[in-house]
Engineer: 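Let me give you the structure first, and then I'll get to my questions.
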Amino acid sequence: MMISDRRPDEVLIATDAGAGAVPIWLAPQDNWKTALAHLSPEHMAWLEANGFDGAARKHVLLPGAGGTIEGVVLGIGTPDGASRAVAAATNLGALPPVLASGTYRLGDPAACDPTMAAIAWGLGAYAFRRYKANGTRKGPVLVMPETADAKHAMAAVEGVWLGRDLINTPPNDMGPAELELAVRALAVRHDGMVEAVIGDDLLEKNFPLIHAVGRGSGRAPRLIDLTWGRADALKITLVGKGICFDTGGLDIKPASGMLLMKKDMGGAAAALALAHMIMSAGLDVRLRVLIPAAENAISGSAFRPSDVIRSRAGTTVEIGNTDAEGRLVLADALALADEEAPDHLFTFATLTGAARVALGPDLPPYFCDDEGHASVIAAAGSAVADPVWRLPLTTPYETWLDSNVADMNNVAEGGFAGAVVAAIFLKRFVKKAGTFAHFDIYGWRPAQRVLGPKGGEPQAARAVFEVVRRMVGS
């Protein structure tokens, strides 16, 4: 399901299509004149006249005869650290929105990480214009650097575009049924298999929490289950929160709190973006993706504060707040995932506002109590410019979820450590998995950044793609 105005293969083209392409030269701020010494004296004078100093993402067009453009110079600041080449490459993402239509190439692919350069360009070229009268637009294209891992780059770009498309689609066109169709389309593309448990069948198949959250809506809730890969390969299971719109339920959100609730299925979008990356790259894993999809609506049949509901795992949950519904649907999905003891289990969810209070919109926290696995996740995120930050999963706060009438409450009293408490709740449904990591993502970019426009963002998908690639030695 790709509904952007262009396809990734229209903004990143084959290496043999670069005849006549305009070169892009990268220039670090600390020695930009040395890096550009191959340019003509006229072009160097032009750069100085335009105040170019190598500052990150500042670009200057180099004029040629008859009004043509002979090149583009892009400042990359002064990237440092182990990922200097990656940091330099990310600046390429700033160019697609501002350059004129045409074909471009890296003037010196050795000046940065060429694979990350292709990814950055592809992510920066994304635009969601499905609902605009002038929906299509022709923009610049980049010739894939010869030394880039083109398969990896395209898998990453296509996956992120897919995730963005899903989040950006308004809720009237992206309910649980439409989300299921997107999963089925992805499975068809990669020869995967999908099963779904829908509506009241959720009760028969023992998914009572998913059913409870979605029963107040006229759009039937469901558990969507995608599988792909060799049955005896490394078992990777992804669980993504698929709340297609969240009113807060009977604990209703204020109007301002609903404005971005189409993104409450951002966890599902991130899981599906990652799934596409894994399948497209052909990684040798046994992949399973579980999407509990529902709409948290208000009606006479909506679940209530103080209801007690038995989960798939058999434990009972008192509903302290109906606006903490994401952890409920994830609990049933996690219980199912855990039954087959996957080697690695990842959850993605737009779960708590507390995560944003702690770390803001651009740095999602993750929770993992396996030290080695947690370190790999952090390093992978930094290596691909998809950063995440670890918060504690083992804490003294377990008793905050105690209930007088049930095995647990879905919320704690007070406002402390909301993201941590939510992660603790989820971990109670994971017993057999080899490792467990939970990502509390925002799923949205509040303003244009170098790697993409304002709008939906499947955060942490590329980071975990790198984790899985390292696991299988790809």
Engineer: So that I can tick it off, tell me whether Arg215 and Glu295 are bridged by a salt bridge, with the cut-off set at under 4.0 angstrom between side-chain N and carboxylate O.
Structural biologist: no
Engineer: For Ala196 and Glu180, work out which heavy atoms get closest and say how close.
Structural biologist: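 Closest pair (atom of Ala196, atom of Glu180, distance): CB-OE2, 3.6 Å.
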Engineer: Looking at Asp407 and Arg428, is any side-chain nitrogen of the basic one under 4.0 Å from a carboxylate oxygen of the acidic one?
Structural biologist: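 Here Arg428 does not pair with Asp407 in a salt bridge, since their nearest N and O are not under 4.0 Å apart.
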Engineer: Which residue, Thr227, Thr237, Asp225, forms the side-chain hydrogen bond (donor to acceptor under 3.5 Å, both in side chains) with Arg288?
Structural biologist: Asp225
Engineer: Are Asp362 and Arg445 ion-paired here, with the side-chain N under 4.0 Å from a carboxylate O?
Structural biologist: no
Engineer: Give me the one residue out of Arg286, Lys431, Lys432, Lys235 that meets salt bridge (charged side-chain N to carboxylate O under 4.0 Å, His left out) with Glu340.
Structural biologist: Arg286
Engineer: Aromatic ring centroids of Phe346 and His373 under 6.0 Å?
Structural biologist: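 Yes, ring centres under 6.0 Å apart.
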Engineer: When rounded to the nearest 0.5 angstrom, what distance separates CG in Leu328 from NE2 in His211?
Structural biologist: 14.0 Å
Engineer: By the definition salt bridge (charged side-chain N to carboxylate O under 4.0 Å, His left out), identify the one residue from Arg462, Arg189, Arg164 that meets it with Glu158.
Structural biologist: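 For Glu158, the salt bridge (charged side-chain N to carboxylate O under 4.0 Å, His left out) test succeeds with only one of Arg462, Arg189, Arg164, which is Arg189.
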Engineer: Taking atom types as modelled, find out whether Thr78 and Asp30 have a side-chain donor-acceptor pair closer than 3.5 angstrom.
Structural biologist: no
Engineer: How long is the straight-line distance from OH of Tyr366 back to CG of Leu359, given to the nearest 0.5 Å?
Structural biologist: 11.5 Å
Engineer: So, are Glu195 and Arg222 salt-bridged, with charged N and O less than 4.0 Å apart?
Structural biologist: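 No, no charged N to carboxylate O under 4.0 Å.
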